[in-house]
Amino acid sequence: MVLLDIDYVTVDELPVIRLFGKDKSGGNEPIIAHDGSFRPYIYAIPTDLDECLGELEELELEKLEVEEMRDLGRPTEVIRIEFKHPQDVPKIRNRIRDLESVRDIREHDIPFYRRYLIDKSIVPMEELEFQGVEVDSAPSVTTDVRTVEVTGRVQSTGSGAHGLDILSFDIEVRNPHGMPDPEKDEIVMIGVAGNMGYESVISTAGDHLDFVEVVEDERELLERFAEIVIDKKPDILVGYNSDNFDFPYITRRAAILGAELDLGWDGSRIRTMRRGFANATAIKGTVHVDLYPVMRRYMNLDRYTLERVYQELFGEEKIDLPGDRLWEYWDRDELRDELFRYSLDDVVATHRIAEKILPLNLELTRLVGQPLFDISRMATGQQAEWFLVRKAYQYGELVPNKPSQSDFSRRRGRRAVGGYVKEPEKGLHENIVQFDFRSLYPSIIISKNISPDTLTDDEESECYVAPEYGYRFLKSPRGFVPSVIGEILSERVRIKEEMKGSDDPMERKILNVQQEALKRLANTMYGVYGYSRFRWYSMECAEAITAWGRDYIKKTIKTAEEFGFHTVYADTDGFYATYRG
DNA sequence: ATCACGCGGGG
DNA sequence: GTGTACGCGTGAT
């Protein structure tokens, strides 16, 4: 099956991982696989091993094991402490940290389902194979969900999921007094658009329009929407700002009207989680993607309204009606059809954006190895971090802890000096030659071995020494981050080669998105060194990278000028010049 | 310069 | 849920 989502439940006081997938070759059947074989754990770094083992014995923990790992490259003996339940970790970790013989605890802040994916080398949005036996299905409105108990091996096959079913939706509200208030303003339309040209607006009016499906009242409107989602069984349900608007609104209206909206495969309800400044809405089994945070990351605009994003992406205007007057379009017969067309246009636009943008996010999901639900809501720095957490496991490296509040405030505000910029010379320049470095920063990280684990004070060892700052980076062994970026770039080269050798336009398209995702990830790696919440934060690394960058471009410009070129503009990794002989 | 505050998207 | 989280522009001081 294709693995779409993951979580865990507690059965008889023990955690059971649930893998939500679809059998793409077997009629798109939803499957929930239960795996009760995995247990949470953390690491303790002891000051004295035997003493520490002794102290830990007294806490009556599930299991203790001594392991040899590396902590920023340094060989380190750690104690792996297993727990019965993920919830035990926050309960007990402070007591462990405070033990006399414990220098530090690690990997105590990694969500259980993420730990599972990493340790089992399982990748969402790839085919998943496992051995299991059928068990009784969970009660569900989705009647045909199969439940399987995992009895043996579980593994990702490496083949990506393509042809996923996407369903987009969008609601319209009648709000005559300011912003919509779910306590009193009814939902009058829900637009839905699916893969195979399925486009429809559900409403209590508009029966003369061919794309409108008429229902009796608002409650039926909500239930019909739920029915369509269940019936269409999309892999991904997409909205625009649906985390913060559509879903919370629908949920509240459903509660007021007593509508059944148990869309989860396990019969669970739509859940909106408060996440600091933003919400995230989840439906068990179906991956809900809110395109708004995705688009904010994907492009750099002054505003991110659906209209603006659509226009930028496709160069076309979509129907735009004034939000504060939509209720008039509903109330006045002669304007109502326009509102219907607006509703349809919104959901179709959302769908088009989804079709264009999701392939990249699916590749990032596979690369980072965390669920699409999470990836679509993560800042790029977070994506890079979870990618590295997975790599750290593979490399036997201990993951650094998340920065504490004091680390964070100390780091915040410090900023590495940026790239070299020569302001453009005014005027019209002819016969311009352009020069730029390919992947300048990733290349510098690799060639100068810039990594927190190679940064050293040691004057004796052979080092690369950063210009301006004099920071020293060991020439060997190869650092953790440079190794990982090296992997990313060589994978990208391999994929580009494969692209050259392919005539199949479909295959080329897929490969192109893959290399694009790798490029983005590689380029993110440089920036995160200076990102204050990053586990591998290092201002020295961030500063060294840009210092070498400035050094390279200035030297290149100087050389070009010796050959008779004149630079009219330069920025970070490239410059424009005229030839003067 | 420094800090508190509020906003984004949605109708 | 191994929870509780952004980043920037604005106006006031």
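A, B, ... follow the sequence lines: proteins, then strands. Residue 1 opens every chain.
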Original post:
Which word best sums up how the rings of A/Y43 and A/Y41 line up, parallel for under 30°, tilted for 30 to 60°, or perpendicular for over 60°?
Top reply: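 Answer is perpendicular, since the angle exceeds 60°.
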**OP:** Mind telling me whether A/F534 and A/Y529 have parallel, tilted or perpendicular rings, with 30° and 60° as the class edges?
**Re:** perpendicular
Distance in angstrom units between [X] [atom1] and [N] [atom2], rounded:
X: A/Q370; N: C/dG1; atom1: CD; atom2: P; result: 12 Å
X: A/D88; N: C/dT2; atom1: CG; atom2: P; result: 11 Å
X: A/Y116; N: C/dT2; atom1: OH; atom2: P; result: 15 Å
X: A/R275; N: C/dG3; atom1: CZ; atom2: P; result: 13 Å
X: A/R377; N: C/dT4; atom1: CZ; atom2: C1'; result: 17 Å
X: A/Q382; N: C/dG3; atom1: CD; atom2: C1'; result: 14 Å
X: A/R97; N: C/dT2; atom1: CZ; atom2: P; result: 16 Å
X: A/L301; N: C/dG7; atom1: CG; atom2: C1'; result: 16 Å

Pick base, sugar-phosphate or nothing for [X], based on heavy-atom distances below 4.0 Å to the nucleic acid.
X: A/Y41; value: base
X: A/L321; value: nothing
X: A/Y531; value: sugar-phosphate
X: A/P90; value: sugar-phosphate
X: A/R274; value: base
X: A/I110; value: base
X: A/Y342; value: sugar-phosphate
X: A/D346; value: sugar-phosphate
X: A/G239; value: nothing
X: A/D324; value: base
X: A/D109; value: base

Subject >> Side-chain donor or acceptor of A/R275 paired with backbone N/O of A/A280 under 3.5 Å >> reply: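 A pair under 3.5 Å: no.
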Using the [atom1] atom as the reference point in each nucleotide, state the distance between [N] and [M] in Å, no decimals.
N: C/dT2; M: C/dG7; atom1: C1'; value: 27 Å
N: C/dC6; M: C/dG1; atom1: P; value: 16 Å
N: C/dA5; M: B/dG11; atom1: C1'; value: 27 Å

**OP:** Between A/A379 and A/K402, name the one whose nearest nucleotide on DNA chain C is closer to the 5' end.
**Re:** A/K402
**OP:** Report the residue (A/G323 or A/Y292) whose heavy-atom-nearest nucleotide on DNA chain B is the more 5′ of the two.
**Re:** A/Y292
Subject >> With A/F112, the side chain to side chain contact (heavy atoms under 4.5 Å, CB included) member among A/V89, A/I17, A/I6 >> reply: A/I17
Original post:
Earliest and latest nucleotide of DNA chain B, 5' to 3', sitting under 4.0 Å from a non-hydrogen atom of chain A?
Top reply: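 Listing 5' to 3', DNA chain B meets chain A from B/dG8 to B/dG11.
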Original post:
Choosing from C/dT4, C/dT2, C/dG1, which nucleotide comes nearest the side chain of A/Q87?
Top reply: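 Nearest to the side chain of A/Q87 among the choices is C/dG1.
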Original post:
Does the distance from a Lys or Arg side-chain N to an Asp or Glu carboxylate O, for A/R410 and A/D407, drop under 4.0 Å?
Top reply: yes
Pairwise side-chain contact, [X] with [Y], heavy-atom cut-off 4.5 Å (strictly under):
X: A/D246; Y: A/I190; value: no
X: A/E199; Y: A/F211; value: no
X: A/I256; Y: A/E183; value: yes

Subject >> Under 4.0 angstrom between A/R93 side-chain N/O and C/dG3 OP1 or OP2 >> reply: yes
Original post:
With respect to the phosphate group of C/dT2, does any side-chain polar atom (N or O) of A/Y113 fall under 4.0 Å of OP1 or OP2?
Top reply: no
Original post:
Going through the checks in order, is the ring pair (Phe, Tyr, Trp, His ring centres under 6.0 Å) test met by A/F247 and A/F169?
Top reply: CA-CA 10 Å; A/F247 267 131; A/F169 79 106; 4.8 Å; yes
Subject >> Aromatic ring of A/F277 stacked on base six-ring of C/dC6, 5.5 Å, 30° >> reply: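 Answer is yes, a stack.
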